[in-house]
Amino acid sequence: MEHLHHFGLSEDPFRNDHLERFLHESPPQRDAQRRLERAVRQGRGLALLTGPVGSGKTTVARALFESLEDEAFEARMMVVLRASADFRWLLGRLAAELGVEAPATEREALMLQLYEKLAIVREDGRHAVVIVDEAQALARGGALEEVSALVKLEYDERRLLSVVLVGTPQLDAAIASDPQLAHHLDARVALRAHDAEEAGAYLAHRLESAGGQLDLLLPGAVAALQQLGGGWPGRMNTLADNALYEAFLAGRAQVTRSEVERAAASLGWASELTAPESPAPTAARSAPAPARGVAEVTSPEHDVELEAAFEPAPPPRAMRRPVPERAAAGRTTVAWSASERGPRPPPKLEDAVDELFTELIEEE
C-alpha cells in the first residue's frame, strides 16, 4: 500500500488479524491468562473471561489454548460464529471436537457419549478442557444450562471437564442471573484496559514488528490513541491505522494528535479529550508498568453463519454537542460530536507541540 511505503513500513502494523509476530504480551493480557491457566491446571469446572469488543479476549484465549501441553490436556477451542447457539449446537460441536463417532441426536444419549469419551481421556491420564470464544451467543440460544451439566460430570470423584467461556460483558450478566450456573463459577476474570504506559509499549511493539520507526507516532498521538481507543488493543489498532492514512494524506512524516482526532471523527467515535497533566509516553517507550490486578471471584468453530458472527462494538461514550465542563485541577474537558457542523474546538497545546516538533525535524 502506498501509505505504508510512505512511512517506511514493510506491512500494516495495526491490522487486527491474530498474527504471531505481532503478539504483545501486555500486563492486562498476561495477568488474565495466568488466572485462567491456574483454574484449568487445578481442574476447576467453569472459568469466565469477559471484555468489550476489541479488548483482546481472543488473544488471551488462544494464548491459554497454546499453553496447555498435549501430554497433560485434551484441549479444544471453539468459536461460536452465529447469533445464538442452542444445546444441540454446543453438545454436538463438543462431541465432534472430541472425536465422538456418529453423535446422537437425543440429548440424553449425546450426554452419555460425551461422558464415555471424557472418561477415556481421564483414564489416559489427561484432563479435558474446552474454550468457547464468543460465548455470549450461548446465552441468547439457551445453551448455558448445558454448561452446568457438563461441568458436573465426574469420574473417580474428579471433574471430567473444564470449560472456559470467553465473551462480552453480556455473558457475565447472563451467568449472574442464573443461580445454578453462577454457583459453578470457579474463576471470573475481567480484562482491563491498557493504561497510558502500557498503550505506549503496545503501539511501539506493533511498529517495530512492521519495520517502522518508533517515533512515527508523536507523544500527543500516542496519548490520543490511548484515550480515544479506551486503552483496548483492537480499538487502538483501528484508530492508529486510520490516523496513519490521515497523516499520509496530509503529507506528514509523523502522526500528530490532530490526525488521531480526525480519524476518530471519520469513524464516528465520540471525543472526550483532556489535556494530560504530565508528558505523554512516546511510542518508543517499552518498559511496561507493573501489572494491575484483574477481577477474580472464586465460589463453592466453526459454523459458517458469518453474517451474524460478531456484535457491533458500542460507541465508547454518548455523542454530545460541544459543552465545556469543569474538570479536576482547573482543566476543561470538551466533548464534541463527529457529526457537528459547527466550529471545531480550539487547537490544543499538544497539537502545537507536535506541529513544532514536526517542523523542526523536517527542517533538519
Side-chain angles (χ1 to χ4, degrees), residues 12-37 49-64 67 166 168-169 189-210 212-244 255-257 260-261 263-264 269 271-296 313 316-317 350 354:
D12 185 356
F14 300 114
R15 57 193 302 176
N16 272 319
D17 300 333
H18 296 279
L19 300 178
E20 185 174 352
R21 61 184 175 278
F22 283 116
L23 292 180
H24 175 63
E25 193 181 44
S26 63
Q29 293 172 332
R30 180 172 59 248
D31 197 23
Q33 180 186 339
R34 290 179 61 185
R35 292 173 183 274
L36 293 173
E37 191 171 340
L49 172 66
T50 60
V53 175
S55 60
K57 301 183 300 296
T58 299
T59 299
V60 174
R62 293 191 179 194
L64 172 65
S67 72
V166 181
T168 60
V189 182
L191 269 172
R192 67 169 178 83
H194 290 59
D195 62 25
E197 190 78 13
E198 293 160 350
Y202 172 81
L203 295 168
H205 173 79
R206 301 289 297 209
L207 286 171
E208 276 189 307
S209 300
Q213 298 296 319
L214 300 184
D215 61 352
L216 194 156
L217 300 176
L218 291 178
V222 175
L225 287 169
Q226 189 271 337
Q227 293 166 5
L228 283 173
W232 302 115
R235 291 180 65 82
M236 289 192 293
N237 286 344
T238 299
L239 188 56
D241 178 65
N242 283 272
L244 271 180
V255 181
T256 70
R257 187 185 191 97
V260 177
E261 293 187 1
W269 295 3
S271 172
E272 293 185 359
L273 297 180
T274 302
E277 297 180 356
S278 57
T282 65
R285 187 174 297 174
S286 59
R292 295 180 180 177
V294 178
E296 181 182 50
R317 298 178 180 86
E350 304 95 291
D354 282 353

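Index from 1, following the sequence.
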Mind checking side chain to side chain contact (heavy atoms under 4.5 Å, CB included) for [X] and listing every partner two or more places apart, or none if nothing turns up?
X	answer
Ala210	Leu9, Glu11, Pro13, Phe22
Asn242	Thr238, Ala263, Leu267
Thr50	Leu48, Asp172, Ala190
Thr59	His18, Leu23, Gln29

What are the two closest heavy atoms between [X] and [Y], and how far apart are they?
X	Y	result
Val255	Ala221	O-CB, 3.3 Å
Gly229	Arg235	O-CB, 3.6 Å
Ala193	Glu198	O-OE1, 4.2 Å
Leu191	Trp232	O-CH2, 3.5 Å
Ala32	Leu49	CB-CD1, 4.3 Å
Ala264	Leu228	CB-CD1, 3.6 Å

[X] side-chain N/O to [Y] backbone N/O, donor-acceptor pair under 3.5 Å:
X	Y	answer
Glu37	Leu64	no
Arg206	Arg15	yes
Lys57	Val166	no
Gln33	Arg30	no

> So Leu217 and Val260, side chain to side chain contact (heavy atoms under 4.5 Å, CB included) or not? Walk me through it.
Replying inline: CA-CA 10 Å; Leu217 300 176; Val260 177; over 6 Å; no
[X] [atom1] to [Y] [atom2] distance, which is reported to the nearest 0.5 Å:
X	Y	atom1	atom2	answer
Arg257	Leu218	CZ	CG	12.0 Å
Tyr202	Asn237	OH	CG	3.5 Å
Arg192	Ser55	CZ	OG	12.5 Å
Met236	Asn16	CE	CG	10.5 Å
Leu203	His205	CG	NE2	11.0 Å

>> Is the shortest side-chain heavy-atom distance between Gln226 and Val222 below 4.5 Å?
In response: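 No, their side chains stay 4.5 Å or more apart.
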>> Which residue is it: Leu36, Val60, Asp31? I am looking for the one with a side-chain contact (heavy atoms from CB on, under 4.5 Å) to Val189.
In response: Leu36
